[in-house]
Amino acid sequence: MQEWIVPGGYATMKSKLIQGVGMTARTRINILLADGCPGGSAAIAGWVRTVRSGKGITFLALNDGSSLECIQVVADTGLENFTVVSRLGTGSAVRVTGMLQESPASGQRLELHATEITVIGSADQDYPLQKKRHSFEFLREIAHLRPRTNTFGAVFRTRSALAQAVHRFFAEKGFMYVHTPIITANDCEGAGELFRVTTLPLDNLPLTNGKVDFNADFFGQATGLTVSGQLEGELFALAFSDIYTFGPTFRAENSNTPRHAAEFWMIEPEMAFADLMADAALAEDFLRYLCSFALEECSNDMAFFDAHIEKGIIGRIRAVADSSFAMMDYSEAISRLEKAPVTFQYPVSWGLDLQTEHERYLTEQVVGGPVFIVNYPKAIKAFYMRQNDDARTVAAMDLLVPKVGEIIGGSQREERLDLLQQRMLETGINPEGLWWYLDSRRWGSCPHAGFGLGFERLVMYITGMENIRDVLPFPRTPRHAGF
RNA sequence: UCCCCAGUAGCUCAGUCGGUAGAGCGGGUGGCUGUUAACCACCAUGUCCGUGGUUCGAGUCCGCGCUGGGGAGCCA
């Protein structure tokens, strides 16, 4: 008999069969299923997914979140508390010690014959998760319990793995991680409505000449939650060369769509001494890295997505990981769309922004893979994007991918002070509040570029989930801040 | 915010022409020596989203409201 109890913490999980001490000593089920051998003893703890009882024998499917797979626990009348165990409800938390054996039945390689089962937390018949398919809409109403389901287990394991892959990618490339502020006084970053942050009494606001006196507020000025870390990120790029941000972002827009949330996570790299082409190259490396990472590190969960969420997603992600991305000028994209043998719902003409239907046509029909669209008309892009020599376009890029359209948007930034000031005036941005941003163009300015990627949209793209509310642990959307 | 669709048992849904409420799953009880979303038998499910109206009679038709979903806009 093999004894697997060895000391070790969470960090060494992959290399130790059992972690923790005393009551916490147990093997994670994914490790046990992958590395366990018949004949060894093992201790596990987890939540019961199903109970199947026969006369004198009961099977428990136990899951601890470490993988999609459950381990089959076999309980028989040799157990002191067999009657209790055979009547366990779905959702109960139990700790099991026993002996690993080869399973005589098909469906699993190993099973754990219990010598002791401790009921740690019982679950009665009111437990909302049943042994059946539930709609995602229903599961959103029980967001506190849905991580215990197959789909959400797979989604949030993949989300965690991807978040770590983001950091790993940038660390490998020598990018510095910057924590840009969550609370900001920039009310004109140009990217949507911001949530107000205040300690003023809302039922008795201090007024001066009929207007709210923000001098009396906590920060002595009007503040809100960040809608982007880009502007501060640029300042750090102009000191550390290559940086990225990865943090929460807030938009108070009343958007009710499967792709928008009021609180989401955004990744924004910024590179000094870099132009638009370097920016696109980084974006390509980045997306391909993340796709490969998901396929390799989350293969079980990806297989689940392919089987149950979106057929063929593994092939699609593999194709992106292996492809070389195309690049097309905005002007060429427009002429391709104008010549397209299909009718679009929205008009196509130089100067108009591309709609999702246009983006998908370009990436799916014209290119047949990921494509950067570059050099957009300046009138439809943000003030900080660098003006091209033609005086009518800016060095902006959108990365379009099949099925979703735009997934990454970025640009080379306007590093020339006079042109930046001119664009601020043209677009109605008040330079006063951004004096520090302008200062960065005054001393040691240099060409620099960056992009933004909404993390949830990445997770949606890679998992095939179609609603952003189902890739956020506890989504915040209009009228929803529960849990 | 605009447009469209939906709301019936714990869940997923059916409910015909307006005539007084159903199925599957889940749950309970019992049975079954090895099950795989176990199986077999029996049992119990209900503010038909709310509100007002039409009608002899409304789950069903009409108005208003609430909630959810999808599409659009905004965008990541």
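So you know, we letter chains A, B, ... as the sequences are listed, proteins then strands, and number each from 1.
- In this entry the distance linking CG of A:L352 with P of B:G73 reads 12 Å, nearest Å.
- Applying the 4.0 Å criterion to OP1 and OP2 of B:C66, one finds that A:R479 has every side-chain N and O outside that range.
- With a cut-off of 3.5 Å on both Watson-Crick or G-U wobble distances, the partner of B:C42 is given as B:G28.
- A:N467 has a side-chain polar atom (N or O) that falls below the 4.0 Å cut-off from OP1 or OP2 of B:G70.
- Listed by first and then second residue, the side chain to side chain donor-acceptor pair (under 3.5 Å) pairs involving residues 473-483 of chain A amount to none (not counting sequence neighbours).
- Between A:R259 and the phosphate of B:C74, there is no side-chain N or O to OP1/OP2 separation shorter than 4.0 Å.
- Rounded to whole Å, atom C1' of B:G34 lies 13 Å from atom CG of A:L60.
- Among the atoms of the strands shown, base atoms are found under 4.0 Å from some heavy atom of A:Q108.
- Judged purely by distance below 3.5 Å, without hydrogens or angles, the side chains of A:T393 and A:N375 never pair a donor atom with an acceptor atom.
- B:G26 and B:C17: their C1' atoms are spaced 34 Å apart (whole Å).
- In this structure, the nucleotide among B:U35, B:G70, B:G73 sitting nearest to the side chain of A:Q355 is B:G73.
- The side chain of A:Q125 lies closest to B:G27, out of B:G27, B:G73, B:U35.
- Contact annotation: A:R87 side-chain N/O to B:U29 OP1/OP2 distance is under 4.0 Å.
- Nucleic acid contact for A:G54: base, since at least one base atom lies under 4.0 Å from a heavy atom of the residue.
- Aromatic ring pairs are classed by plane angle as parallel below 30°, tilted from 30° to 60° and perpendicular above 60°; the pair A:F325 and A:F372 is tilted.
- Rounded to a whole angstrom, the distance from the P atom of B:U45 to that of B:A23 is 12 Å.
- The residue A:F451 sits apart from the nucleic acid: no heavy atom pair falls under 4.0 Å.
- Judged purely by distance below 3.5 Å, without hydrogens or angles, the side chains of A:R52 and A:T50 pair a donor atom with an acceptor atom.
- Residue A:S106 is in base contact, counting any heavy-atom pair closer than 4.0 Å across all strands shown.
- For the pair A:H480 and B:G68, the criterion of a side-chain N or O lying under 4.0 Å from OP1 or OP2 is met.
- Considering only the side chain of A:K55, B:U33 comes nearest among B:U33, B:U35, B:G73.
- Atom C1' of B:U20 sits at a distance of 15 Å from the matching atom of B:U55, rounded to the whole Å.
- Here the rule is ring-ring contact (aromatic ring centres under 6.0 Å, His included) with A:Y177, and of A:F170, A:Y244, A:F240 only A:Y244 fits it.
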Open item on the list: Base contacts versus sugar-phosphate-only contacts with protein, heavy atoms under 4.0 Å: please encode nucleotides 2-12 of chain B as B, S and - from 5' to 3'.
Closed with: --------BBS
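- Of all nucleotides present, only B:U67 satisfies the Watson-Crick or G-U wobble test against B:A6, with each distance under 3.5 Å.
- B:A72 is paired with B:U1 under the criterion used here, namely a Watson-Crick or G-U wobble arrangement in which both key atom distances are under 3.5 Å.
- Put simply, CZ on A:F455 and CD1 on A:I267 are 6.0 Å apart, with the number rounded to the nearest 0.5 Å.
- Nucleic acid contact for A:A261: base, since at least one base atom lies under 4.0 Å from a heavy atom of the residue.
- Taking atom P in both B:C56 and B:U12, the straight-line distance is 38 Å, to the nearest Å.
- With values rounded to the nearest 0.5 angstrom, A:F82 atom CZ is found 7.0 Å from A:D76 atom CG.
- With 3.5 Å as the limit, one finds no donor-acceptor pair spanning the side chains of A:T180 and A:T245.
- Side-chain atoms of A:S255 stay outside donor-acceptor range of the base of B:C75, with no qualifying N/O pair under 3.5 Å.
- At a threshold of 4.0 angstrom between heavy atoms, the contacts of A:I468 include nucleobase atoms, whether or not backbone atoms are also involved.
- In the set B:C75, B:G69, B:G34, the nucleotide with an atom closest to the side chain of A:H113 is B:G34.
- Here the OG1-CD1 distance, from A:T97 to A:I117, works out to 8.5 Å after rounding to the nearest 0.5 Å.
- Across the interface with RNA chain B, nearest-nucleotide mapping of A:E466 and A:K131 shows A:K131 to be the residue nearer the 5′ end.
- Counting atom types as modelled, A:E111 pairs a side-chain N or O with a base atom of B:G34 as donor and acceptor under 3.5 Å.
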